[in-house]
Amino acid sequence: MKEEKKIETDSGIPIQKVYTAADKKNTAEELPGNYPFTRGVQSDMYRGKLWTMRQYAGFSTAEESNKRYHYLLSQGVMGLSVAFDLPTQIGYDSGHPLSEGEVGKVGVSINSLEDMETLFKGIKLEEVSTSMTINATGFILLAFYVALAKKQGADLSKISGTIQNDILKEYAARGTYIYPPRQSMRIITDIFEWCSKELPKWNTISISGYHIREAGSTAVQEVAFTLSNGKAYVQAALEKGLDINVFGKRLSFFFNAHNHLFEEAAKFRAARRMWAKMIKSLGATDPKAMMLRFHTQTGGSTLTAQQPLNNISRVTIQTLAAVLGGTQSLHTNGYDEALSLPTEEAARIALRTQQIVAYESGVPDTVDPLAGSYFVENLTDEIEAKATELIEKIDAMGGSVSAIEQGFIQDEIARSAYDYQRQIEAGSKWIVGVNKFQIKETTTPPVFKIDDSIRQLQVQKLELLKQKRDAEKVKLALQEIRRRADSGENLMPAVIEAVEVLCTLGEIAGELRAVFGEYQ
């Protein structure tokens, strides 16, 4: 008798030939908008309001990125999503020796409040929701944004958006950290505290599984490590005396969408259920504080440089997975992003992919359309069980911070990445155009290039800024940041004051490097 082929999801969950009602472990009848929110955080989901269509953009100078933002807004984007260059992400001004070769390359270069003004020229911050993918220097970029809103005469209570601000995944998967973990956690809880009083509609953190997945984790690990990090942030905020029912409503998440349509949709459903149970066990009583609200980005690591137009199909599948899984906002990648930053054409096609799913596919017409599928319900339960097991292992080590310090999370991700690559090289996993259905490539799509002269432009702007600002005010503002860092007082008021007197990002980050040290 021929042995039946073993088929598994990317997380190693075995897939049966057929599923029946007996395969659904969680038999509770659940409704969208109700705890534990498996079926969605709103009772009517996209019938009431579509997900926010964002396009992640930022490159070169603030002037160039501003042009792209105006173009995207004219094409139907509902919210902006800012990519920053590496020097901005790790707290160096453009003139720093370590910035050489990196200014404006993977995102926009922001050194000062003046750059922020240019970035949002002609855009009223009260009228747009802005997501900023920034972590170690998230508090400084938030200060720039707040200072700009004040200059525009905006009502801070109406300003909405998100800073990623998730430093734990930087230690585990991505690497753009500055300060040691415990000092970084202190900055994050300062942001929670300040925003809860001054910026009530702002999402103070976007706890990110995206980069964990990009580093090579499985879907199960993405859920487990992300929710475990979320738990660590909640516990740190509780230790600071913050109210979980207040700050809990401003926590958001950021997940990846890969190609296994059903595993990805089930992953989002499982994550919602798990987070609701977890935050309830930590003391939340307000249902809104128990809701896992999340942004999704289609999987960058799934894009291929070979036959790049095939990536449009991949992004479409991933868009469907995110929408079927109940995302609150979505960024779709350009087909050319395995080669360069997206061209304008690729960014437009990526946005149109979302719009076609929204307005032509019928997928948003009913809430959680995959609910009741024996297969999807079983996968949701399996992902919850396996991710819970991993979280319990991390809890036994003392939580995420300890697990990262011990290298456990990093090692788990590295092992999964290695196993996945080995399967591709052995041919047991097929990637169309890479190890199956290859062709001889005869054309290369146009790529988007950033000129190295950008750095010189930014350095010139910095020199002019330093000539015209009040040096004494700058000195006093930086001294106040250092004093608060030593005393344990909330840093945010001092950082906002510093950016308003035109202190630069590198100066503020450097002041805290002197107090907190750097993580090695």
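All heavy atoms count here, side chains included; hydrogens, waters and symmetry mates do not. These numbers come from a predicted model, not from an experiment.
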Taking Asp336 for its side chain and Pro308 for its backbone only, find out whether a donor-acceptor pair lies under 3.5 Å. no

Near Arg352 CZ, under 6.0 Å, is it more than 12 heavy atoms from other residues, nucleotides or ligands? yes

For Glu345, the salt bridge (charged side-chain N to carboxylate O under 4.0 Å, His left out) test, sequence neighbours excluded, returns none

Other residues, nucleotides and ligands only: do more than 12 of their heavy atoms fall within 6.0 Å of OH on Tyr19? yes

Yes or no on side chain to side chain contact (heavy atoms under 4.5 Å, CB included) for Ile244 and Asp286, after CA distance, side-chain angles and deciding distance? CA-CA 9 Å; Ile244 194 169; Asp286 187 330; over 6 Å; no

Out of His260, Glu263, Lys267, which residue meets the side chain to side chain donor-acceptor pair (under 3.5 Å) rule with Thr9? Glu263

Ignoring hydrogens and angles, state whether a donor on the side chain of Asn229 or Ser400 is under 3.5 Å from an acceptor on the partner side chain. yes

Testing the 3.5 Å rule here: is there a donor-acceptor pair between the side chains of Glu214 and Ser301? yes

Partners meeting salt bridge (charged side-chain N to carboxylate O under 4.0 Å, His left out) with Lys150 (sequence neighbours left out): Glu500

Could you tell me whether Arg273 and Asp381 have a side-chain N and a carboxylate O separated by less than 4.0 Å? yes

Salt-bridge criterion met for Glu63 and Lys461 (N-O under 4.0 Å): yes

Under the side chain to side chain donor-acceptor pair (under 3.5 Å) rule, what pairs show up with a residue in residues 131-148, not counting sequence neighbours? Thr130-Tyr145, Asn135-Gln164, Asn135-Lys169, Asn135-Glu170

Within the structure provided, determine whether Val128 and Lys124 are in side-chain contact (heavy-atom separation under 4.5 Å). no

Qualifying salt bridge (charged side-chain N to carboxylate O under 4.0 Å, His left out) pairs with a residue from residues 194-213, counting only residues at least two apart or across chains: Arg213-Glu222, Arg213-Glu264

Is Glu384 paired with Lys277 through a side-chain N to carboxylate O contact shorter than 4.0 Å? yes

More than 12 foreign heavy atoms under 6.0 Å from CZ of Phe262: is that the case here? no

Step by step, work out the side chain to side chain contact (heavy atoms under 4.5 Å, CB included) result for Met132 and Thr162. CA-CA 6 Å; Met132 295 191 278; Thr162 306; over 6 Å; no

Which distance, rounded to the nearest 0.5 Å, do you find between the OH of Tyr233 and the CG of Leu168? 3.5 Å

Using ring pair (Phe, Tyr, Trp, His ring centres under 6.0 Å) as the criterion, list what pairs up with Tyr210, not counting sequence neighbours. Phe254

Starting from the C-alpha separation in whole Å, work towards a yes-or-no answer on side chain to side chain contact (heavy atoms under 4.5 Å, CB included) for Val234 and Leu251. CA-CA 9 Å; Val234 170; Leu251 304 176; 3.7 Å; yes

Sequence neighbours left out, what pairs pass salt bridge (charged side-chain N to carboxylate O under 4.0 Å, His left out) with at least one residue falling in residues 303-316? none

How about Thr302 and Asn259: does a side-chain donor come under 3.5 Å of a side-chain acceptor? no

